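We count ligands from 1, going down the list as the structure has it; atoms in each ligand are counted the same way. Along the sequence shown, the residues carry numbers beginning at 1. Model, not experiment: these values are computed from the prediction. Side chains included, hydrogens not; waters and symmetry mates left out as well; all remaining heavy atoms used.
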Amino acid sequence: MKNHTRFIPYGKQHIDEDDIASVSGTLRSDWLTQGPKVKEFEQEFAKYVGAQYAVACSNGTAALHLACCALQLSHGDSVVTSPISFVASINCALYCGATPAFCDITPSTISLSPDALESFILTQKTPKIVIPVHYAGIPCDMEKIAYLAKKYAFHVIEDACHAPGASYCDSFNRNIMVGSAYHSDMCVFSFHPVKSLTTGEGGMITTNDSKLYEKLQRFRSHGITKDKDYFLREYFMSEPIGEWYYEQQNLGFNYRITDFQCALGIEQLKKLPYFITRRRKLANLYFLLLNEIGGVSVLTPASSVNSAWHIFPILLDDPKRRKEIFDKLRQQGIGVNVHYIPIHLQPYFQHRFGFTIDSFPHAEDFYRRTITLPLFPDMTEDDIHFIVQALKKCIEE
Ligand SMILES: *Cc1c(COP(=O)(O)O)cnc(C)c1O
């Protein structure tokens, strides 16, 4: 085995001098948290995705939890998501005491199948919330999911952690940005360093509903409001309101994000179009080169969608060779990964909720055959050639 000094991770942030200057500037200012940069980042993000409101918070998991709280999710309710996602996509439901459920995926895009969802509703129950995940940055069939949401009266939170910058064309030929919450109640994003833009840790929720917007802000900060338009005081107090006055109206959390993280987010957002362009270009090169080798296939998004390519998963024809090929690529400094172990097969979900193997055949088949190849904006075309060559050699060995 050759000795490689270089390790290519599966994903990596891009930080430049503008990012550093922006963070330093905020560190020298009067505000470290909940200052002007939080508002500015929220406004710029909302503008970019075309939503009316955005609420920034401490991470993507907190964003999912806040979204569930804003919809008053609680005991007795159930939540459906895709088994092929990060565990956070369903843990948010458990934090609220709700029951987790899964529906199988559509094999071509590895996202929640609307048909599987409808048959779940017809044979089991209507969930309170459905959380479609735009896996790898490929938008789900949101039009179909929104149609079912109306027909069966459930809420929709898009887990868009993979998909800032993605868009799709609806059946009226309108171009819809992921994050606009056009076909959902809310969209959720993460700014972890492997995601398409980063604030270190960070998250965002977008919505067009002013009531949800107000609740998201309240739950982000202990369930407290300082806005007199929302005060409930008349019910229990008669003294005049002083400047000190605030009310805790729910059990919320401290899920705030700092001003210096948002200063980074504002700079990163300016570069997001470039990041996405790079990702698409590199993904296209993968498509081109992988097409010429046997034993492997790629995801095939519909022509109406424009993926943000957060990750680049491939499928091996032979699941029995996955570990061997994975190990060989790692040994050559290629930081392959696997996204994801089906959530329902995690010990916690099997033990606590009784999920079993063979429950979601498409999801489990995908898991057995998939490997995520490296993809991030600072990779070169040579990196892609090197990775595909190494993969080809492994498959042919
Ligand atoms: C990263 C991620 C999350 C969680 O985001 P954090 O910021 O790490 O809490 C949730 N869902 C998906 C699909 C993700 O990729």
Side-chain angles (χ1 to χ4, degrees), residues 9-13 41 45 54-69 79-96 100 102-103 105 109-112 129-140 142 145 156-166 178-179 184 186-206 216 219-220 253-258 261-262 264-265 268-269 275 279 299 307-313 337-344 346 349 363 366-367 370 372 375-376:
Y10 83 85
K12 193 178 178 221
Q13 73 276 14
F41 185 35
F45 195 88
V55 176
C57 62
S58 49
N59 55 65
T61 306
L64 283 162
H65 187 193
L66 288 174
C68 289
C69 290
V79 174
V80 167
T81 191
S82 156
I84 300 293
S85 186
F86 186 52
V87 292
S89 300
I90 196 68
N91 284 344
C92 55
L94 308 187
Y95 300 152
C96 295
F102 301 96
C103 288
I105 55 168
T109 57
I110 318 303
S111 59
L112 188 75
I129 301 174
V130 172
I131 306 182
V133 181
H134 303 300
Y135 179 78
I138 306 171
C140 298
M142 288 311 301
I145 291 167
V156 180
I157 300 169
E158 296 173 59
D159 183 337
C161 290
H162 292 195
V178 167
S184 64
M186 287 170 276
C187 295
V188 163
F189 296 87
S190 161
F191 307 129
H192 182 277
V194 296
K195 308 295 160 83
S196 294
L197 75 159
T198 189
T199 59
E201 297 279 358
M204 189 78 83
I205 309 118
T206 57
L216 290 166
F219 279 103
R220 172 176 65 182
F253 312 91
N254 179 351
Y255 280 168
R256 296 185 301 258
I257 187 168
T258 65
Q261 287 174 299
C262 290
L264 177 54
Q268 290 269 302
L269 188 60
F275 291 161
R279 286 175 175 279
L299 303 188
S307 174
W309 292 118
H310 161 57
I311 49 174
F312 199 86
N337 216 312
V338 169
H339 295 94
Y340 293 93
I341 302 163
I343 303 173
H344 68 284
Q346 291 290 352
F349 286 87
F366 172 74
Y367 164 65
T370 194
T372 301
L375 180 64
F376 52 93

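- In this structure, the side chain of D159 engages the main chain of C161 through a donor-acceptor pair within 3.5 Å.
- Scanning both residues, C57 and M204, for their nearest heavy atoms gives SG-N, 4.4 Å.
- Looking only at distances, no side-chain donor or acceptor of H65 sits under 3.5 Å from a matching main-chain atom of C92.
- In terms of protein heavy atoms, atom 8 (O) of ligand 1 is closest to S190 OG, 4.0 Å.
- A distance-only check finds no donor-acceptor pair linking the side chain of R279 to the backbone of S307 [under 3.5 Å].
- Contacts of Y135 with ligand 1, taken as heavy-atom pairs under 4.0 Å, are absent altogether.
- The closest approach between S85 and ligand 1 falls below 4.0 Å for a heavy atom of the residue.
- Per-residue contacts place Y340 under 4.0 angstrom from the following atoms of ligand 1 (heavy atoms of the residue considered): 15 (O).
- Side chain of T199 to backbone of L264: no donor-acceptor contact under 3.5 angstrom is found.
- In terms of protein heavy-atom proximity, atom 11 (N) of ligand 1 is nearest to D159 OD2, 2.8 Å.
- Among the atoms of G60, some N or O lies under 3.5 angstrom from an N or O of ligand 1.
- Close approach to S89 involves these atoms of ligand 1, each under 4.0 Å from a residue heavy atom: 11 (N).
- Summary of contacts: the protein heavy atom closest to atom 9 (O) of ligand 1 is T61 OG1, 2.5 Å.
- The backbone N or O of E201 lies less than 3.5 Å from a partner atom in the side chain of Q261, making a donor-acceptor pair.
- For ligand 1, the polar-atom distance check against E201 finds no nitrogen or oxygen pair separated by under 3.5 Å.
- Within ligand 1, counting atoms from 1 as listed, the ones closer than 4.0 Å to a heavy atom of H162 are 13 (C), 15 (O).
- Counting only distance, with no hydrogens or angles, the side chain of T372 and the backbone of P313 share no donor-acceptor pair below 3.5 Å.
- Every N/O-N/O distance between H310 and ligand 1 stays at or above 3.5 Å.
- Taking a 4.0 Å cut-off on heavy atoms, F189 fails to register as neighbouring ligand 1.
- Note: an N/O pair closer than 3.5 Å links K195 and ligand 1 by distance alone.
- Looking only at side-chain heavy atoms (C-beta outward), I90 and I131 stay at 4.5 Å or farther from each other.
- When all heavy atoms of V194 and G11 are compared, the closest pair comes out as CG1-O, 4.2 Å.
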